Amino acid sequence: PTNKVFIWDDHQSRNIGELTFKTEVKAVKLRRDRVVVVLMQKVYVYRFSDLKMVDHITTIVNPRGLVSLCSDNAHNVLAVPGTTKGSVRVELYDINKASLIQAHETDMSVFELNPDGSKIATASEKGTLIRLWDCGSGEPLRELRRGVDRAEIYCLAFNPFSTHLACSSDKGTVHIFSLSEAAVPL
């Protein structure tokens with residue numbers, strides 16, 4: 001069923017947990033300590049150990065299931081769409097703070113947190129610009145031009161040290177941007 005999430009343990013070859021929702025699940029993100037489930041206008045955050053809900057967030061209509069969970073277990077950062085077009089909400093659970101970033105004027109196409117959750121890269125459905133933001137302050141850091149023609153951005157990805165950002169699109173290209181301090185900021 002499209003409204004259920006099953007947690008499967010490969011070592012035990014069995015289902016170890018199940019979450020059921022009233023509407024279709026759009027995306028799921030996992031980490032050793034978290035399970036994040038994205039619905040059309042809600043995001044639910046659960047503890048992995050006992051599947052107890054620790055947070056739920058209301059978002060703008062999110063048919064793409066946009067969500068990003070930082071991969072570093074030492075930092076508990078989650079990004080979800082905001083409640084208005086082009087905005088992203090960054091939850092900094094470690095310091096009990098949320099940042100709302102008005103990233104673009106049009107709908108979001110994709111966003112991605114860097115590994116430690118200190119930065120987020122965003123792209124709108126127009127696909128010409130990628131913006132880099134500081135998660136703690138919500139301040140803009142950089143603006144990167146992918147091209148001048150409209151494009152559907154498929155993926156944004158940081159390298160492990162956050163010194164480079166890759167972007168793939170329907171243009172059949174992959175752009176790799178240097179994020180080193182020598183590059184010109186916004």
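We use all heavy atoms of the structure for the numbers below, so side chains are in, but hydrogens, waters and symmetry mates are not. One is the number of the first residue; the rest follow in order along the sequence. Small disclaimer: the values here were computed from a predicted structure and weren't measured.
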Trainee: Give a yes or no on whether the backbone of N114 and the side-chain of S162 come within a donor-acceptor separation of less than 3.5 Å.
Mentor: no
Trainee: Going by side-chain hydrogen bond (donor to acceptor under 3.5 Å, both in side chains), name the residues that satisfy it together with D50, two or more places apart in sequence or in a different chain.
Mentor: R47
Trainee: Go through the steps for E143 and R145 under the test salt bridge (Lys or Arg N to Asp or Glu O under 4.0 Å), then give the verdict.
Mentor: CA-CA 7 Å; E143 190 170 85; R145 181 160 292 280; 5.8 Å; no
Trainee: According to ring pair (Phe, Tyr, Trp, His ring centres under 6.0 Å), who are the partners of Y44, at least two apart in sequence or on a separate chain?
Mentor: F21
Trainee: So does E152 get a backbone contact from the side chain of D170, meaning a donor-acceptor N/O pair under 3.5 Å?
Mentor: yes
Trainee: If you look only at pairs with a residue in residues 94-114, which of them pass as a salt bridge (Lys or Arg N to Asp or Glu O under 4.0 Å), with sequence neighbours excluded?
Mentor: none
Trainee: If I compare all heavy atoms of L66 with all of P81, which pair ends up nearest, and what's the gap?
Mentor: O-CD, 3.3 Å
Trainee: Is it the case that the side chain of R131 and the backbone of T122 share a donor-acceptor pair, with hydrogens and angles ignored and the cut-off at 3.5 Å?
Mentor: no
Trainee: List the residues meeting ring pair (Phe, Tyr, Trp, His ring centres under 6.0 Å) with Y154, not counting sequence neighbours, and say none if there are none.
Mentor: none
Trainee: What pairs with T83 under side-chain hydrogen bond (donor to acceptor under 3.5 Å, both in side chains), at least two apart in sequence or on another chain?
Mentor: none
Trainee: Can you list every pair that meets ring pair (Phe, Tyr, Trp, His ring centres under 6.0 Å) and has a residue in residues 120-145, with sequence neighbours left out?
Mentor: none
Trainee: Does any pair with a residue in residues 1-16 pass salt bridge (Lys or Arg N to Asp or Glu O under 4.0 Å), and if so which ones, sequence neighbours excluded?
Mentor: K4-E18
Trainee: Is any side-chain heavy atom of S124 closer than 4.5 Å to a side-chain heavy atom of S109?
Mentor: no
Trainee: Is the backbone of A79 close enough, under 3.5 Å, to the side chain of S68 for a donor and an acceptor to pair up by distance?
Mentor: no
Trainee: Taking atom types as modelled, is there a side-chain donor on T58 or K42 under 3.5 Å from an acceptor on the other?
Mentor: yes
Trainee: Is the NZ atom of K126 crowded by more than 12 outside heavy atoms at less than 6.0 Å?
Mentor: no
Trainee: Any salt bridge (Lys or Arg N to Asp or Glu O under 4.0 Å) involving residues 28-40? Give me the pairs, sequence neighbours left out, ordered by first then second residue.
Mentor: R31-D33
Trainee: Tell me which pairs pass ring pair (Phe, Tyr, Trp, His ring centres under 6.0 Å) where either residue lies in residues 56-94, with sequence neighbours left out.
Mentor: none
Trainee: Taking side-chain hydrogen bond (donor to acceptor under 3.5 Å, both in side chains) as the definition, give me every residue that meets it alongside N76, ordered by chain and number, with sequence neighbours left out.
Mentor: none
Trainee: Donor-acceptor pair, R64 side chain versus M108 backbone, under 3.5 Å?
Mentor: yes
Trainee: Using the salt bridge (Lys or Arg N to Asp or Glu O under 4.0 Å) rule, collect all pairs that involve residues 75-89, keeping only residues at least two apart or in two chains.
Mentor: R89-E91
Trainee: Within the structure provided, determine whether V90 and C135 are in side-chain contact (heavy-atom separation under 4.5 Å).
Mentor: yes
Trainee: Give me the atom names and distance for the closest heavy-atom approach of I101 to G138.
Mentor: CG1-CA, 3.8 Å
Trainee: Using side-chain hydrogen bond (donor to acceptor under 3.5 Å, both in side chains) as the criterion, list what pairs up with D134, not counting sequence neighbours.
Mentor: S137
